[in-house]
Amino acid sequence: MREKEFAKDLIDYAYKGASSFHAVKTSVDILEKEGFKELKLTDKWDIKQGGKYFVTKNSSALVAFEINSDKVDEEGFRIIASHSDAPCFRIKPNPEMVSEKVYLKLNTEVYGGPILSTWMDRPLAIAGRVAVKSDNILKPKEVLVNINKPLCIIPNLAIHMNRNVNSGVELNKQVDMVPLVSIVNENLEKDGLLLKEISKEISIPCGDILDFDLFLYEYEKGCLVGLDEEFISSARLDNLAMAHSSLYALINSNNSKGINIFVMFDNEEIGSSTKQGADSNMLKNILERITISLNKTREEFFTSIYNSFIISADMAHPVHPNRGEKHDPTNRPVINKGPVIKINANQKYTSDSYSISVYEAICKEAGVPCQKFVNRSDQAGGSTIGPISSTHLDINSVDIGTSILAMHSVRELGGVNDHYYAYKSFLKFYGI
């Protein structure tokens, strides 16, 4: 069944994307196999009609595009935006900590807003980026590292010492959420232990390693679950599910108009205010460079922008099977009933009647059902990259996503059919 095969491919993609750096690398590997050519931000671009290209920023953000036509000033950009990062734990510098003169732990800090309790009692691995000495002091070499083995675990406190645990206990991020990594003994030198492990993994001397961006991730891979395997259980569905479906829609699209754009920002989970986040000029600058390389004027760049449309693709909240009272009385999306259009009167999402109508028409053309999500009026919701991107690119935009339960858990739960529905709607959008 193609829906299940596509969902299984997502599980592989999400597992390989253990950090934002690995999510970009996994996507780049797919693009290169499909004939996309890398462009460097530091080079002058020479792009042509019919060409397929990609560019990365900070190794953690990615923009890929296909030049269907050189009439971008008339036909515009079709943009689908997602993000590469997920809530997790980042390893601090000098991370080794010893407790009771026996337990060796790694000092971490929380990245984004994870559901802390879901990270406990699970085998955890380590992945990220290492900066290494090079011949140019201003440009260190970057090496990705994925120590794909169960290195760490964050142990719970036994119920006998925490009798109120099932009534709700606040977890202290510095005390309760520090992972255990080893036992100190006469054969273990605790100082620089992690650096030595990295050195061994990437075959580079410790002295050449300058710094690192390393994160914990769940070692166990995702799977399909349910009586008919109708659910996807995996880490990082938020937001690699949208990245995966839009990436393959770009690759498989067939259009002769405008320019199709896939963008995967970083740092959405911490507000997007970075050079590789949606709250930067990264995407705007790349769109302008595309038009310049096609010999368009700045005036034509602006007409390109106003002939464009953005789908901000992030995950959505379905009605919870056990806590239905947490949801709006009349707008109640459920898993596997189609992508969800996200709406908020205070513009936490960019969807309005105009952009909603566009996406609904796309879904109808694609033979895909769609739903709507609005928060309860007495409950504040989250936001995403749509409104942030709109402050830099005033393009018509809709916020959508597929439904997942347990958003920001170490393992989220989505729908097999929904993932394929999203892909079909994105494929139709890129083909209009």
Side-chain angles (χ1 to χ4, degrees), residues 1-17 23 26-27 29-31 33-34 78 80-83 86 220-255 260 262 264 311-321 332-342 359-373 398-407 409 411-432:
M1 186 177 181
R2 59 188 177 182
E3 288 86 351
K4 287 185 180 179
E5 291 307 310
F6 196 55
K8 289 176 181 177
D9 193 75
L10 165 62
I11 291 169
D12 290 340
Y13 177 84
Y15 192 66
K16 291 175 183 175
T26 301
S27 303
D29 289 345
I30 294 168
L31 289 167
K33 287 180 182 177
E34 296 295 331
R78 291 166 184 80
I80 304 178
S82 60
H83 63 87
E220 298 294 336
K221 191 176 181 180
C223 61
L224 299 185
V225 300
L227 192 62
D228 191 35
E229 295 188 322
E230 60 265 62
F231 301 112
I232 306 169
S233 173
S234 176
R236 296 177 295 282
L237 291 182
D238 176 16
N239 190 33
L240 295 189
M242 293 293 90
H244 177 265
S245 53
S246 56
L247 179 67
Y248 277 100
L250 175 74
I251 288 168
N252 295 326
S253 62
N254 183 17
N255 195 1
N260 291 342
F262 162 92
M264 186 161 57
I311 296 177
S312 168
D314 206 343
M315 309 310 283
H317 301 287
V319 175
H320 195 284
R332 302 177 71 80
V334 293
I335 289 178
N336 280 332
K337 296 298 182 181
V340 177
I341 300 168
K342 301 187 288 186
Y359 187 69
E360 286 180 323
I362 289 167
C363 286
K364 186 176 181 179
E365 286 285 319
V368 167
C370 64
Q371 310 174 82
K372 291 179 180 176
F373 169 84
V398 65
D399 270 284
I400 68 98
T402 53
S403 297
I404 55 170
L405 295 168
M407 188 180 291
S409 170
R411 183 173 284 224
E412 299 157 325
L413 188 72
V416 168
N417 289 343
D418 278 342
H419 188 56
Y420 199 72
Y421 283 146
Y423 164 72
K424 286 178 67 179
S425 75
F426 295 158
L427 191 63
K428 177 59 67 173
F429 172 63
Y430 277 142
I432 293 172

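- By the 6.0 Å contact criterion, NZ on Lys364 is open, its count of non-hydrogen atoms from other residues, nucleotides or ligands being 12 or less.
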Practice task
Decide side-chain contact (heavy atoms from CB on, under 4.5 Å) for Asp238 and His83; before the verdict, give the C-alpha distance in whole Å, the side-chain angles of both, and the deciding distance to 0.1 Å.
Solution key: CA-CA 8 Å; Asp238 176 16; His83 63 87; 3.5 Å; yes

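- Counting only heavy atoms from C-beta outward, the side chains of Lys16 and Asp29 never approach each other to under 4.5 Å.
- Looking at Leu31 and Leu247, their side chains come closer than 4.5 Å, going by heavy atoms from C-beta outward.
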Practice task
Under the side-chain contact (heavy atoms from CB on, under 4.5 Å) rule, what do Ile30 and Tyr248 come out as? Steps first, then yes or no, please.
Solution key: CA-CA 9 Å; Ile30 294 168; Tyr248 277 100; 3.6 Å; yes

Practice task
Step by step, work out the side-chain contact (heavy atoms from CB on, under 4.5 Å) result for Ile80 and Ser82.
Solution key: CA-CA 7 Å; Ile80 304 178; Ser82 60; 6.0 Å; no

Exercise for the section: Start with the C-alpha gap between Tyr421 and Ser245, add the side-chain angles, then the distance that decides, and say whether side chain to side chain donor-acceptor pair (under 3.5 Å) holds. Expected result: CA-CA 9 Å; Tyr421 283 146; Ser245 53; over 6 Å; no

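- The backbone N or O of Ile251 lies less than 3.5 Å from no partner atom in the side chain of Glu34, so there is not a single donor-acceptor pair.
- Here the closest non-hydrogen pair linking Ala23 and Tyr13 is O-OH, 4.1 Å.
- For the atom pair CD1 (Ile335) and CG (Leu413), the distance works out to 5.0 Å, reported to the nearest 0.5 Å.
- A donor-acceptor pair is defined here as one N or O able to donate and one able to accept, closer than 3.5 Å; such a pair exists between the side chain of Asn336 and the backbone of Glu230.
- Taking CE of Met315 as the start and CG of Leu405 as the end, the distance is 10.5 Å to the nearest 0.5 Å.
- Atom NE2 of residue His419 and atom CD of residue Glu3 lie 11.0 Å apart, to the nearest 0.5 angstrom.
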Residues 424-432, side-chain donor-acceptor partners within the protein, below 3.5 Å, at least two apart:
from   : atom 1 : to     : atom 2 : distance (Å)
Ser425 : OG     : Tyr359 : OH     : 2.8
Ser425 : OG     : Ala422 : O      : 2.8
Tyr430 : OH     : Ile261 : O      : 2.7

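- Taking 4.5 Å as the limit, every side-chain heavy atom of Val340 sits out of range of all side-chain heavy atoms of Ile400.
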Practice task
I would like to know whether Ile341 and Gln371 meet side-chain contact (heavy atoms from CB on, under 4.5 Å); could you show each step before the answer?
Solution key: CA-CA 6 Å; Ile341 300 168; Gln371 310 174 82; over 6 Å; no

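- The shortest side-chain heavy-atom distance between Ile11 and Leu224 falls under the 4.5 Å cut-off.
- A salt bridge does not link Asp9 with Arg2: none of the charged nitrogens is closer than 4.0 Å to a carboxylate oxygen.
- Between His244 and Tyr423, the distance from one ring center to the other does not fall under 6.0 angstrom.
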